[in-house]
Structure formats: C-alpha cells, structure tokens
Amino acid sequence: MSLARVHNFSVSLDGFATGEGLSREAPFGHAGERLHQWMFATRWWHGRSGQEGGNSGPDDAFVRRFEPGIGAEIMGAGKYGYPGWHEDPEWKGWWGPNPPFHTPAFVLTRHTRPPIAMEGGTTFHFLDTSPAAALETAREAAGGQDVRIGGGPTVIRDFLAARLIDHLHVVVVPIVLGRGVRLWDGLEDLEKDYAVDSVTTSSGVTHLTFDRTGR
C-alpha cells in the first residue's frame, strides 16, 4: 500500500505551526514568513524561484523530498485559502494558475464546490469527509504512488491521531510564537508508534523524522 507522508512542516520551539490572526493579507498570521526562512535559503527554493545560488546542505536535501513518489495531496481548508474563501466563487488557492502540486489535490472542507482544474496537472477536489475516507479517495487517485498530507496543523494532527501518517517530517525552527495553532496538542505518546530521528543543521533548525513502526 502507498504511504501517507508529511514533508517540510515547520513549527516553532513552542509547537506552533501558524500564527494568530490569519487573513488574506497574512496567510500565517503574526508568524509571517519566519517559520519558512530556512526553506527560502535552499538551492531548491532558489531554483524554483528563478534565482541562482542557495544553500546546498542538509536543509536542501530534506526539502527536495517533497515531490518524488507523490501522486496526490490532501490539505485542509486553511491551507487552501484565507478565512472566508468559500464565500468567493473565484478563489482558486494561493498559488496562481499553476500550483506546485501537479497532482490531484483534495481539500477537506465543509464548504464543497465542483473540482477546479489548474495548469500543470493540479486539480482541486473538495471533500467533506473523515481523514480515513479522504486518504482512501486520494490513494485511488494517486495510482499507486504516495499521498502527501500537506497541512495545516489541524489536518496533520487529525491524521496523526488516527495513526494514518506513515512518514512525518517536522522542522523545528528556533523562534517562539507564543500563540497560534499548535501541532502536538492531544498527541500524547505519539512517539511510541514511530521510529524518531533528528538532524540539526547550521541554519539552526532541527529536522525530526517519524517513521511509523509495525506497518
């Protein structure tokens, strides 16, 4: 069976994966882009942005695992759009006409709408269903490849609580946010079901990987 994977998911030292006060103008609230500066410095990101240079060390190696072997993505309503996006029939996500997924992408939301086909192979599908049912649907669409669980923190927490995630990559960024949405709440003893490894890099971040045991 294909795997359910999480990659490059950044959290603060106090466990927040997004800040408070999310809006169309501030997708991560008061956190701004501070959780993702490590990624912006990589050679991978520079290349995607049409720039030269960038860090080619361990951060770059980790971030490149985002794409290979992925056949579908699942994301929450909060990743797809700003609070209230469902009231805008023209909203098609944050990423412009050619989103970076290039696969079927399933948005978990109470506000469903018809699928939206984008450039580059991404089609957004809108589901009001459980994590287990969404994963089954995404696996069918993935054609034997893995499914990426893209966030935000509430969605990843729900999938972890149901032990549906096989590989989890969390990047602990050395900042304190103090408020927002936390990843780890309610997941006591999660580590008992996973083999955990860590790598700290010169950028100051720590890459934690959780691989589910007993699959």
- Please work out which of the three classes, parallel, tilted or perpendicular, describes the rings of His86 and His111, given edges at 30° and 60°. parallel
- Task: State plainly whether one hydrophobic cluster holds both Val170 and Phe16, where clusters connect Ile, Leu, Val, Met, Phe, Trp and Tyr through side-chain heavy atoms under 4.5 angstrom apart.
- Result: no
- Write down the atom of Ala61, the atom of Arg65, and the distance for their closest heavy-atom approach. O-CG, 3.6 Å
- Message: Within the 4.5 Å heavy-atom criterion, are Val173 and Gln37 side-chain neighbours or not?
- Response: no
- Is there a side-chain contact between Phe66 and Met39, using heavy atoms and a 4.5 Å cut-off? no
- In terms of heavy-atom contacts, Pro153 and Thr18 come closest through CG-CG2, 4.3 Å
- If you take all heavy atoms of Gly71 and Pro104, which pair is closest and at what distance? O-CD, 3.4 Å
- How are the rings of Phe124 and Phe101 set to each other: parallel, tilted or perpendicular (split at 30° and 60°)? perpendicular
- Message: Check the orientation of Trp184 and Phe210. Use parallel for under 30°, tilted for 30 to 60°, and perpendicular for over 60°.
- Response: tilted
- Got a sec, which residues hit ring pair (Phe, Tyr, Trp, His ring centres under 6.0 Å) with His30, two or more places apart in sequence or on another chain? none
- Would a distance-only check, ignoring hydrogens and angles, find a side-chain to backbone donor-acceptor pair under 3.5 Å from Arg139 to Ser2? yes
- OG1 of Thr103 to CG of Asp146, rounded to nearest 0.5 Å, is 11.5 Å
- Kindly work out whether a path of hydrophobic side-chain contacts (I/L/V/M/F/W/Y, heavy atoms less than 4.5 Å apart) joins Val6 to Leu3. no
- Message: For the residue pair Asp59 / His207, report whether a side-chain donor-acceptor contact shorter than 3.5 Å exists.
- Response: yes
- Quick one: do Val176 and Ser12 satisfy side-chain contact (heavy atoms from CB on, under 4.5 Å)? Show the steps, please. CA-CA 6 Å; Val176 176; Ser12 63; 6.0 Å; no
- Is Tyr80 reachable from Met118 through a run of I, L, V, M, F, W or Y residues, each pair having side-chain heavy atoms under 4.5 Å apart? yes
- Query: Would you call Thr112 and Leu127 a side-chain contact if the rule is heavy atoms closer than 4.5 Å?
  - Reply: no
- Message: So which atom in Glu119 and which in Pro99 form the shortest heavy-atom distance, rounded to 0.1 Å?
- Response: O-CD, 3.9 Å
- Query: If Ile, Leu, Val, Met, Phe, Trp and Tyr residues are connected whenever their side-chain heavy atoms lie under 4.5 Å apart, and connections chain through other members, are Val196 and Val171 in the same group?
  - Reply: no
- Message: Is it the case that the side chain of Asp60 and the backbone of Trp44 share a donor-acceptor pair, with hydrogens and angles ignored and the cut-off at 3.5 Å?
- Response: yes
- Query: Who passes side chain to side chain contact (heavy atoms under 4.5 Å, CB included) against Ala132, sequence neighbours left out?
  - Reply: Ser130, Leu164
- Message: For the CG atom of Asn8 and the NE2 atom of His169, what is their distance to the nearest 0.5 Å?
- Response: 5.5 Å
- Item | Where at least one partner belongs to residues 177-188, residue pairs that pass salt bridge (Lys or Arg N to Asp or Glu O under 4.0 Å), sequence neighbours excluded | Glu20-Arg179, Arg182-Asp185
- Mind checking the CD-OG1 spacing from Glu191 to Thr213? Nearest 0.5 Å is all I need. 11.0 Å
- Query: Would you say Ser23's side chain and Glu25's backbone share a donor-acceptor pair under 3.5 angstrom?
  - Reply: yes
- Taking the side chain as every heavy atom from C-beta outward, state whether Val11 and Leu35 have any atom pair closer than 4.5 Å. no
- Item | Heavy-atom side-chain proximity of Phe159 to Ile74 below 4.5 angstrom | yes
- Item | Student check: side-chain heavy atoms of Phe62 and Thr42 closer than 4.5 Å | no
- Message: Just verifying a value: how many Å separate Leu168 CG and Ile156 CD1, rounded to the nearest 0.5 Å?
- Response: 7.0 Å
- Query: Is it the case that more than 12 heavy atoms not belonging to Glu52 sit under 6.0 Å from its CD atom?
  - Reply: no
- Can you tell me how far the CG atom of Asp128 sits from the OG1 atom of Thr109, to the nearest 0.5 Å? 7.0 Å
- With a 4.5 Å limit on heavy-atom distance, are the side chains of Arg163 and Asp193 in contact? yes
- Output, in order, the C-alpha distance, side-chain angles, deciding distance and verdict of side-chain hydrogen bond (donor to acceptor under 3.5 Å, both in side chains) for Asn55 and His46. CA-CA 9 Å; Asn55 181 347; His46 279 227; over 6 Å; no
- Item | Trace of the side-chain contact (heavy atoms from CB on, under 4.5 Å) decision for His125 with Thr137 | CA-CA 10 Å; His125 303 267; Thr137 299; over 6 Å; no
- Item | Expected output: side-chain Lys79 to main-chain Gly150 donor-acceptor under 3.5 Å | yes
- Query: Taking the side chain as C-beta and beyond, is there a heavy-atom pair between Tyr194 and Ile165 under 4.5 Å?
  - Reply: yes
- So, are Arg212 and Asp166 salt-bridged, with charged N and O less than 4.0 Å apart? yes
- Query: Under the criterion ring pair (Phe, Tyr, Trp, His ring centres under 6.0 Å), which of Trp45, Phe9, Phe28 is the partner of His36?
  - Reply: Phe28
- Item | Geometric class of the Trp94/Trp91 ring pair [parallel <30°, tilted 30-60°, perpendicular >60°] | perpendicular
- From Ser10 OG over to Leu183 CG, what is the distance, rounded to the nearest 0.5 angstrom? 11.0 Å
